Amino acid sequence: MIVAAARRERPVEVIVGDLEARLAETEAEILAAQELRYRVFYGEMNAKPSAEMLRVGRDFDAFDPYCDHLIVVDRKRGSGVKGIVATYRLLRREAARRAGRFYSIAEYDISPLVNRPGEILELGRSCVDPAYRNKMAMQLLWKGITDYILFHKVEIMFGCASFPGTDPEAHRMALSYLHHRHLAPPQFRPRALADRYVDMNMLPLEAIDEKRALASLPPLIKGYLRLSGYVGDGAVIDHEFGSVDVSIVVVTAEVTDKYMKHYTRPDYGGDS
(Lines give C-alpha, C1' and ligand atoms only; values in the text may rest on other atoms or scores of the structure.)
Protein backbone atom coordinates (compact mmCIF):
# COMPACT_ATOMS: atom_id res chain seq x y z
CA MET A 1 0.00 0.00 0.00
CA ILE A 2 1.34 3.43 -0.96
CA VAL A 3 1.05 6.07 1.70
CA ALA A 4 2.43 9.59 1.30
CA ALA A 5 3.98 10.84 4.53
CA ALA A 6 2.10 13.58 6.33
CA ARG A 7 4.00 16.85 6.39
CA ARG A 8 3.74 19.72 8.79
CA GLU A 9 5.57 21.96 6.37
CA ARG A 10 5.32 21.62 2.60
CA PRO A 11 8.75 21.39 0.93
CA VAL A 12 7.05 22.45 -2.31
CA GLU A 13 4.14 24.85 -2.64
CA VAL A 14 3.97 26.91 -5.82
CA ILE A 15 0.78 28.49 -7.12
CA VAL A 16 0.57 30.34 -10.43
CA GLY A 17 -2.96 31.14 -11.55
CA ASP A 18 -4.98 27.91 -11.53
CA LEU A 19 -1.86 25.71 -11.48
CA GLU A 20 -0.31 24.43 -8.27
CA ALA A 21 2.92 22.45 -7.82
CA ARG A 22 3.38 20.42 -4.62
CA LEU A 23 4.12 16.92 -3.41
CA ALA A 24 1.37 14.30 -3.53
CA GLU A 25 -0.08 14.01 -0.03
CA THR A 26 -2.48 11.07 -0.27
CA GLU A 27 -2.43 7.57 -1.66
CA ALA A 28 -5.15 8.59 -4.11
CA GLU A 29 -2.97 11.38 -5.51
CA ILE A 30 -0.04 8.99 -5.99
CA LEU A 31 -2.31 6.51 -7.77
CA ALA A 32 -3.58 9.34 -10.01
CA ALA A 33 0.02 10.30 -10.84
CA GLN A 34 0.68 6.68 -11.77
CA GLU A 35 -2.38 6.73 -14.03
CA LEU A 36 -1.01 9.81 -15.78
CA ARG A 37 2.34 8.03 -16.20
CA TYR A 38 0.54 5.05 -17.69
CA ARG A 39 -1.36 7.18 -20.20
CA VAL A 40 1.81 8.93 -21.34
CA PHE A 41 4.33 6.06 -21.26
CA TYR A 42 2.16 3.16 -22.42
CA GLY A 43 -0.67 4.85 -24.26
CA GLU A 44 1.29 7.55 -26.04
CA MET A 45 4.91 6.39 -26.11
CA ASN A 46 4.19 2.68 -26.65
CA ALA A 47 6.17 1.35 -23.71
CA LYS A 48 5.43 -2.28 -22.79
CA PRO A 49 3.31 -2.64 -19.64
CA SER A 50 3.28 -5.69 -17.41
CA ALA A 51 0.07 -7.68 -17.23
CA GLU A 52 -0.74 -6.10 -13.87
CA MET A 53 -0.10 -2.56 -15.16
CA LEU A 54 -2.35 -3.27 -18.11
CA ARG A 55 -5.07 -4.56 -15.80
CA VAL A 56 -5.08 -1.56 -13.43
CA GLY A 57 -4.09 1.14 -15.94
CA ARG A 58 -1.22 2.48 -13.83
CA ASP A 59 2.57 2.67 -14.18
CA PHE A 60 4.12 1.50 -10.93
CA ASP A 61 7.17 -0.28 -9.55
CA ALA A 62 8.81 -1.22 -6.25
CA PHE A 63 10.33 2.26 -5.83
CA ASP A 64 7.08 4.23 -5.73
CA PRO A 65 6.35 3.66 -2.02
CA TYR A 66 9.73 5.19 -1.10
CA CYS A 67 9.59 8.23 -3.36
CA ASP A 68 8.15 11.69 -3.08
CA HIS A 69 5.87 12.42 -6.03
CA LEU A 70 5.92 15.98 -7.31
CA ILE A 71 2.65 16.87 -9.01
CA VAL A 72 1.20 19.83 -10.87
CA VAL A 73 -2.52 20.30 -10.27
CA ASP A 74 -4.88 22.34 -12.43
CA ARG A 75 -7.33 23.48 -9.79
CA LYS A 76 -9.92 24.26 -12.48
CA ARG A 77 -10.16 20.50 -13.04
CA GLY A 78 -10.12 19.64 -9.34
CA SER A 79 -8.16 20.26 -6.16
CA GLY A 80 -6.47 16.86 -6.05
CA VAL A 81 -6.81 13.61 -7.96
CA LYS A 82 -8.89 15.00 -10.85
CA GLY A 83 -6.55 17.93 -11.39
CA ILE A 84 -3.15 16.21 -11.72
CA VAL A 85 -1.61 17.17 -15.07
CA ALA A 86 2.14 16.60 -14.52
CA THR A 87 4.38 14.58 -12.25
CA TYR A 88 8.02 13.86 -11.38
CA ARG A 89 9.33 11.14 -9.07
CA LEU A 90 11.93 12.07 -6.43
CA LEU A 91 14.12 9.57 -4.55
CA ARG A 92 16.63 10.75 -1.92
CA ARG A 93 19.53 8.85 -0.38
CA GLU A 94 17.79 7.60 2.77
CA ALA A 95 14.69 6.55 0.83
CA ALA A 96 16.90 4.64 -1.64
CA ARG A 97 18.58 2.90 1.29
CA ARG A 98 15.18 1.73 2.49
CA ALA A 99 14.21 0.69 -1.06
CA GLY A 100 17.48 -1.24 -1.39
CA ARG A 101 19.02 0.81 -4.19
CA PHE A 102 18.53 3.68 -6.60
CA TYR A 103 16.53 2.97 -9.77
CA SER A 104 19.42 4.02 -12.04
CA ILE A 105 21.63 1.17 -10.87
CA ALA A 106 19.87 -1.10 -13.37
CA GLU A 107 21.51 0.90 -16.18
CA TYR A 108 24.48 2.80 -14.74
CA ASP A 109 27.33 2.53 -12.27
CA ILE A 110 26.50 5.56 -10.11
CA SER A 111 29.09 4.88 -7.42
CA PRO A 112 30.86 8.23 -8.05
CA LEU A 113 27.63 9.89 -6.86
CA VAL A 114 26.56 7.46 -4.15
CA ASN A 115 30.02 7.43 -2.55
CA ARG A 116 30.10 11.19 -2.13
CA PRO A 117 28.97 12.72 1.18
CA GLY A 118 25.88 14.91 1.31
CA GLU A 119 22.34 14.58 0.01
CA ILE A 120 21.71 13.28 -3.49
CA LEU A 121 18.45 13.06 -5.38
CA GLU A 122 17.38 10.76 -8.19
CA LEU A 123 14.81 12.21 -10.60
CA GLY A 124 12.61 10.03 -12.76
CA ARG A 125 9.24 9.23 -14.31
CA SER A 126 8.76 12.77 -15.60
CA CYS A 127 5.60 13.25 -17.65
CA VAL A 128 3.08 15.92 -18.56
CA ASP A 129 -0.47 15.55 -19.86
CA PRO A 130 -0.46 16.32 -23.62
CA ALA A 131 -2.86 19.25 -23.14
CA TYR A 132 -0.42 20.89 -20.68
CA ARG A 133 2.87 20.59 -22.54
CA ASN A 134 3.33 24.29 -22.54
CA LYS A 135 5.99 26.39 -20.94
CA MET A 136 4.09 26.95 -17.70
CA ALA A 137 3.64 23.30 -16.70
CA MET A 138 7.33 22.50 -17.19
CA GLN A 139 8.35 25.71 -15.45
CA LEU A 140 6.27 24.72 -12.43
CA LEU A 141 7.93 21.31 -12.31
CA TRP A 142 11.38 22.93 -12.36
CA LYS A 143 10.36 25.46 -9.75
CA GLY A 144 9.03 22.64 -7.57
CA ILE A 145 12.27 20.68 -7.91
CA THR A 146 14.27 23.79 -7.03
CA ASP A 147 12.27 24.32 -3.85
CA TYR A 148 12.64 20.63 -3.00
CA ILE A 149 16.43 20.56 -3.38
CA LEU A 150 16.79 23.73 -1.30
CA PHE A 151 14.50 22.33 1.42
CA HIS A 152 16.46 19.08 1.62
CA LYS A 153 19.90 20.61 0.91
CA VAL A 154 20.43 18.38 -2.12
CA GLU A 155 23.94 18.69 -3.55
CA ILE A 156 23.61 16.46 -6.63
CA MET A 157 20.63 15.53 -8.80
CA PHE A 158 20.79 12.66 -11.25
CA GLY A 159 18.64 10.33 -13.29
CA CYS A 160 18.02 9.15 -16.83
CA ALA A 161 16.59 11.05 -19.76
CA SER A 162 15.50 9.45 -23.01
CA PHE A 163 15.59 9.68 -26.77
CA PRO A 164 12.65 8.01 -28.56
CA GLY A 165 13.20 4.64 -30.19
CA THR A 166 15.79 1.96 -29.59
CA ASP A 167 18.26 2.76 -32.39
CA PRO A 168 21.20 4.84 -31.11
CA GLU A 169 22.32 5.47 -34.69
CA ALA A 170 19.17 7.53 -35.22
CA HIS A 171 20.53 9.95 -32.61
CA ARG A 172 24.24 9.69 -33.41
CA MET A 173 24.78 13.44 -33.87
CA ALA A 174 22.94 14.40 -30.67
CA LEU A 175 24.61 11.66 -28.62
CA SER A 176 28.04 12.61 -29.96
CA TYR A 177 27.37 16.26 -29.19
CA LEU A 178 26.46 15.41 -25.60
CA HIS A 179 29.60 13.28 -25.26
CA HIS A 180 31.94 15.96 -26.57
CA ARG A 181 30.36 19.04 -24.99
CA HIS A 182 28.60 17.89 -21.81
CA LEU A 183 30.41 14.83 -20.45
CA ALA A 184 30.50 14.91 -16.65
CA PRO A 185 33.85 15.39 -14.89
CA PRO A 186 35.26 12.05 -13.64
CA GLN A 187 34.28 12.70 -10.01
CA PHE A 188 30.60 13.01 -11.02
CA ARG A 189 30.49 10.65 -13.98
CA PRO A 190 28.16 7.62 -14.06
CA ARG A 191 29.07 4.94 -16.57
CA ALA A 192 26.68 2.64 -18.40
CA LEU A 193 26.96 -0.96 -17.21
CA ALA A 194 29.34 -2.99 -19.36
CA ASP A 195 26.66 -5.31 -20.73
CA ARG A 196 24.43 -2.38 -21.69
CA TYR A 197 27.06 0.18 -22.75
CA VAL A 198 26.50 2.04 -26.02
CA ASP A 199 29.36 4.34 -27.02
CA MET A 200 28.06 7.88 -27.49
CA ASN A 201 31.24 8.99 -29.27
CA MET A 202 29.90 8.13 -32.71
CA LEU A 203 31.13 11.21 -34.56
CA PRO A 204 34.21 13.40 -34.14
CA LEU A 205 33.49 16.89 -32.87
CA GLU A 206 34.39 18.50 -36.21
CA ALA A 207 31.72 16.42 -37.97
CA ILE A 208 28.91 17.69 -35.73
CA ASP A 209 26.55 20.50 -36.63
CA GLU A 210 26.25 21.68 -33.03
CA LYS A 211 23.31 23.97 -33.61
CA ARG A 212 21.33 21.18 -35.27
CA ALA A 213 22.39 18.68 -32.63
CA LEU A 214 21.24 20.95 -29.81
CA ALA A 215 17.92 21.59 -31.55
CA SER A 216 17.32 17.84 -31.89
CA LEU A 217 17.64 17.12 -28.17
CA PRO A 218 14.45 16.11 -26.30
CA PRO A 219 13.04 19.00 -24.21
CA LEU A 220 13.87 17.32 -20.90
CA ILE A 221 17.55 16.97 -21.79
CA LYS A 222 17.64 20.59 -22.94
CA GLY A 223 16.17 21.57 -19.58
CA TYR A 224 18.93 19.77 -17.70
CA LEU A 225 21.61 21.37 -19.86
CA ARG A 226 20.20 24.83 -19.11
CA LEU A 227 20.82 24.01 -15.45
CA SER A 228 24.49 23.28 -16.29
CA GLY A 229 23.80 19.55 -16.31
CA TYR A 230 26.18 16.85 -17.53
CA VAL A 231 25.77 13.42 -19.11
CA GLY A 232 27.39 10.18 -18.05
CA ASP A 233 29.62 7.89 -20.08
CA GLY A 234 27.64 5.74 -22.48
CA ALA A 235 24.00 5.40 -23.48
CA VAL A 236 21.69 2.47 -22.69
CA ILE A 237 18.90 0.93 -24.78
CA ASP A 238 15.72 0.51 -22.72
CA HIS A 239 13.56 -2.00 -24.56
CA GLU A 240 10.74 -1.83 -22.00
CA PHE A 241 10.21 1.89 -22.59
CA GLY A 242 11.35 1.86 -26.21
CA SER A 243 14.05 4.47 -25.68
CA VAL A 244 17.74 5.26 -25.71
CA ASP A 245 18.68 6.54 -22.26
CA VAL A 246 21.46 8.85 -21.15
CA SER A 247 22.51 9.49 -17.58
CA ILE A 248 22.06 13.07 -16.37
CA VAL A 249 23.90 14.75 -13.49
CA VAL A 250 23.24 18.25 -12.12
CA VAL A 251 25.55 19.63 -9.42
CA THR A 252 23.50 22.13 -7.43
CA ALA A 253 26.47 24.39 -6.73
CA GLU A 254 27.12 24.70 -10.48
CA VAL A 255 23.61 25.71 -11.51
CA THR A 256 23.98 29.10 -13.14
CA ASP A 257 23.04 32.13 -11.07
CA LYS A 258 20.56 33.13 -13.77
CA TYR A 259 18.45 29.99 -13.33
CA MET A 260 18.84 29.67 -9.57
CA LYS A 261 17.72 33.26 -9.07
CA HIS A 262 14.86 32.76 -11.52
CA TYR A 263 13.46 29.72 -9.72
CA THR A 264 13.99 31.00 -6.19
CA ARG A 265 12.65 34.51 -6.45
CA PRO A 266 9.70 35.12 -4.10
CA ASP A 267 7.45 36.63 -6.79
CA TYR A 268 7.93 33.68 -9.13
CA GLY A 269 5.36 33.68 -11.88
CA GLY A 270 6.76 31.20 -14.37
CA ASP A 271 8.07 33.61 -16.98
CA SER A 272 11.61 33.31 -18.30
Side-chain angles (χ1 to χ4, degrees), residues 2 4-5 7 9-12 14 21-24 30 33 37 61-71 87-127 141-162 178 182-193 196-197 220-236 238 245-257 259-260 263-264:
I2 301 170
R7 298 172 178 84
E9 180 182 0
R10 282 180 165 179
V12 178
V14 187
R22 58 175 173 81
L23 299 182
I30 295 174
R37 284 160 35 182
D61 64 18
F63 293 90
D64 278 322
Y66 302 95
C67 295
D68 282 324
H69 299 262
L70 177 63
I71 56 175
T87 186
Y88 228 126
R89 194 168 76 172
L90 314 176
L91 183 64
R92 290 183 288 124
R93 186 190 293 277
E94 173 56 24
R97 184 194 65 77
R98 289 186 280 110
R101 63 181 179 89
F102 282 103
Y103 178 87
S104 301
I105 285 178
E107 295 188 348
Y108 284 88
D109 174 6
I110 57 172
S111 56
L113 307 178
V114 174
N115 293 340
R116 296 180 65 85
E119 184 64 279
I120 59 177
L121 172 68
E122 183 179 54
L123 304 170
R125 290 300 203 272
S126 168
C127 67
L141 284 176
W142 286 118
K143 167 62 174 170
I145 291 170
T146 302
D147 287 359
Y148 187 89
I149 66 172
L150 292 174
F151 184 91
H152 289 291
K153 299 180 173 60
V154 172
E155 297 180 8
I156 297 174
M157 296 179 285
F158 68 98
C160 292
S162 304
L178 290 173
H182 298 282
L183 187 64
Q187 66 270 31
F188 300 117
R189 187 183 302 167
R191 179 179 171 84
L193 299 181
R196 305 191 70 176
Y197 185 94
L220 185 60
I221 296 179
K222 288 181 184 177
Y224 285 125
L225 296 185
R226 291 190 193 102
L227 297 176
S228 303
Y230 301 111
V231 298
D233 179 11
V236 169
D238 185 337
D245 295 348
V246 295
S247 179
I248 299 289
V249 178
V250 178
V251 180
T252 304
E254 296 182 8
V255 174
T256 60
D257 287 342
Y259 284 97
M260 188 56 76
Y263 288 118
T264 57

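Every value quoted in this text rests on a predicted model; they were computed, and no experiment measured them. One-based numbering along the sequence shown.
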Aromatic contact, F158 with F102 (centres under 6.0 Å): yes

Any idea which heavy atoms bring L91 and A96 closest together, and the distance? CD1-N, 3.8 Å

Do R89 and Y103 meet the cation-pi criteria used here (NZ or CZ under 6.0 Å from the six-membered ring centre, within 45° of the axis)? yes

Rounded to the nearest 0.5 Å, the CD atom of E122 sits from the CG atom of L90 at a distance of 10.0 Å

Which atoms form the tightest heavy-atom contact between D147 and V14, and what is the distance? OD2-CG2, 3.6 Å

Could you give the distance from CG (L141) to OG1 (T146), rounded to the nearest 0.5 Å? 10.5 Å

Test item: R97 side-chain N/O and R92 main-chain N/O as donor-acceptor pair under 3.5 Å: no

If every non-hydrogen atom of L193 is compared with every non-hydrogen atom of A106, which pair is closest and at what distance? CD1-O, 3.5 Å

For Y108 and G234, the nearest pair of non-hydrogen atoms, with its separation, is OH-O, 2.7 Å

Is a side-chain N or O of E119 found less than 3.5 angstrom from the main chain of R93, in a donor-acceptor match? yes

Would you call D245-R196 a salt bridge at under 4.0 Å N-O? no

Between Y148 and L70, is the side-chain contact (heavy atoms from CB on, under 4.5 Å) condition met? List the steps. CA-CA 9 Å; Y148 187 89; L70 177 63; over 6 Å; no

What are the two closest non-hydrogen atoms of Y224 and A161, and how far apart are they? CE1-CB, 4.4 Å

Tell me which one of I149, V250, L113 satisfies side-chain contact (heavy atoms from CB on, under 4.5 Å) with I156. L113

Taking all non-hydrogen atoms of both residues into account, name the closest pair between P190 and I110 and its distance. CB-CG2, 4.2 Å

For the pair S228 (side chain) and V255 (backbone), establish whether a donor and an acceptor sit closer than 3.5 Å, ignoring hydrogens and angles. no

Cationic N near anionic O, under 4.0 Å, R125 to D64: no

Given 3.5 Å as the limit, does a donor-acceptor pair link the side chain of R191 with the main chain of D233, or not? no

